[in-house]
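To keep things clear, I will list the structure first and then write my remarks on it.
We count ligands from 1, going down the list as the structure has it; atoms in each ligand are counted the same way. Just so we're clear, the structure is a prediction, and the values are computed from it rather than from any experiment.
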Amino acid sequence: MKMIKVQTGGKLYIAGEYAVLTPGQTAIIKNIPIHMTAVVKEARAISLFSDMFDYAVGMTPDSKYALIQQSIMTLFDYLGKSAEEMPAFSLEITGKMERDGKKFGIGSSGSVTVLTLKALSAFYDLNLSADVLFKLASYTLLKLGDNGSMGDIACIAYDDLVAFTSFDRQQVAKWTAEESIQEVLDKDWGYRIERIKPALPCEFLVGWTMQPSISRDMINLVKSAITPEFLAETQKQVLICQKALESADKENVKTSLQNVSDLLLGLSSAIYNDKLLALKAAEDGLDVIAKSSGSGGGDCGIAISFNREDSQVLIKRWQEVGIELLDMEELA
Ligand code: PMV
Ligand code: MG
């Protein structure tokens with residue numbers, strides 16, 4: 001019996017959040033090696049199960065399984081097939097990106113979308129590229145009315161540290177309403193996804209606030225505060241940060257991340273809540289730059305440390321204020 005197993009990871013923003021909601025803006029987003037796993041097996045009828053829920057479904061619409069079901073429909077549409085024409089399967093997804101019912105906030109909805117597409121691509125021997133997976137997952141989320149930039153999808157589909165320059169989502173949504181999925185997928189959407197190869201020896205740390213925050217609500221709360229000045233200044237700092245990572249320019253990594261952090265602080269007081277303020281303050285006196293990540297208001301923050309002992313001090317300070325180290329890795 002045919003059986004395949006694939007994984008996807010999580011993601012966290014390093015720089016460019018909120019600005020990247022505007023087409024043409026760039027964000028730097030890091031893949032996080034905390035994984036979800038999908039197992040697909042031949043079956044008599046489609047059966048879907050995720051350990052997020054305590055029941056399995058088929059293709060009859062179910063609100064909790066909407067992401068998974070819509071991803072499957074996207075793939076069948078893309079292949080020009082109906083569900084009945086394709087060999088049926090059972091899909092089992094495990095690896096909740098959460099603990100004690102509290103999500104980590106590292107992109108589980110993006111990850112489950114890419115995971116479902118990647119799993120079926122493997123099951124049907126389609127060999128879809130990271131770029132096609134990105135487009136299919138974005139298409140799926142746009143169909144479901146997601147209000148994000150799709151930067152999370154870019155990072156998870158490429159499973160790498162990326163610089164993502166966003167596309168005009170309204171334009172793609174318009175094409176989606178008027179043209180076939182194959183035609184929409186063939187178009188140039190105008191985004192850019194670049195893999196970043198950092199040359200700077202440093203440690204990347206993730207601090208989890210244990211306070212779940214909902215990106216959709218944060219975006220709706222903050223988006224009207226975004227100004228052309230915020231966009232221009234953020235873009236400038238993001239590009240400095242990318243270049244500095246690639247050219248091992250420590251001072252510019254630190255100053256650019258401090259600057260984007262200050263820009264977020266000025267954008268809305270909802271972003272840096274008390275926990276994230278404490279996560280940032282823990283860098284004091286250390287060779288470390290810390291900031292909130294993504295939409296903020298909880299979830300995770302990140303830090304880049306240039307000194308191993310300082311990393312340990314930071315982790316201890318985080319512990320003291322109830323911030324848990326979720327991931328730590330060398331960037332180069
Ligand atoms: O909270 P996160 O990690 O999902 O990041 C959201 C980042 C935003 O720029 C605020 C929204 C987006 O989708 O780009
Ligand atoms: Mg978040």
request  = Answer with yes or no whether Met218 contacts ligand 1, where contact means a heavy atom under 4.0 Å from a ligand atom.
outcome  = no
inquiry  = Tell me whether Lys280 forms a cation-pi arrangement with Tyr272, defined as NZ or CZ under 6.0 Å from the six-membered ring centre and within 45 degrees of its axis.
reply    = no
query = Quick one: does NZ or CZ of Lys2 land under 6.0 Å from the six-membered ring centre of Phe123, within 45 degrees of the ring axis?
reply = yes
message = Checking contacts here: is it the side chain or the backbone of Ile219 that comes within 4.0 Å of ligand 1, counting heavy atoms only? Could be both or neither.
response = side chain
request  = Select one of side chain, backbone, both or neither to describe which atoms of Ser215 lie under 4.0 Å from any atom of ligand 1, heavy atoms only.
outcome  = side chain
Which residue and heavy atom of the protein sit nearest [atom], plus the separation:
atom: atom 5 (O) of ligand 1; answer: Gly294 CA, 3.2 Å
atom: atom 7 (C) of ligand 1; answer: Tyr13 CE1, 3.5 Å
atom: atom 14 (O) of ligand 1; answer: Ser149 OG, 2.5 Å
atom: atom 8 (C) of ligand 1; answer: Tyr18 N, 3.8 Å

inquiry  = Go through it in stages, so that I can follow the logic: the residues are Thr22 and Gln25, the test is side-chain hydrogen bond (donor to acceptor under 3.5 Å, both in side chains), and I'd like the CA-CA distance, side-chain angles, deciding distance and then a yes or no.
reply    = CA-CA 6 Å; Thr22 303; Gln25 292 277 146; 6.0 Å; no
Salt bridge present between [X] and [Y] (N-O < 4.0 angstrom):
X: Lys197; Y: Asp160; result: yes
X: Glu283; Y: Lys254; result: no
X: Asp299; Y: Lys103; result: yes
X: Arg169; Y: Asp146; result: no
X: Lys187; Y: Glu179; result: yes

Would you mind listing which atoms of ligand 1 come within a distance below 4.0 Å of any non-hydrogen atom of [X]?
X: Val20; value: 9 (O), 14 (O)
X: Lys11; value: 2 (P), 3 (O), 4 (O)
X: Gly148; value: 13 (O)

query = For Ser293 and ligand 1, does the shortest N/O to N/O distance drop below 3.5 Å?
reply = no
ask   = Within the structure, does Ser295 bring an N/O atom to less than 3.5 angstrom of an N/O atom in ligand 1?
value = yes
query = Knowing that exactly one of Thr116, Thr37, Val39 qualifies, which makes a side-chain contact (heavy atoms from CB on, under 4.5 Å) with Ile93?
reply = Thr116
note = Which atom of Asp299 is nearest the Mg ion (ligand 2), counting N, O or S only? It is OD2
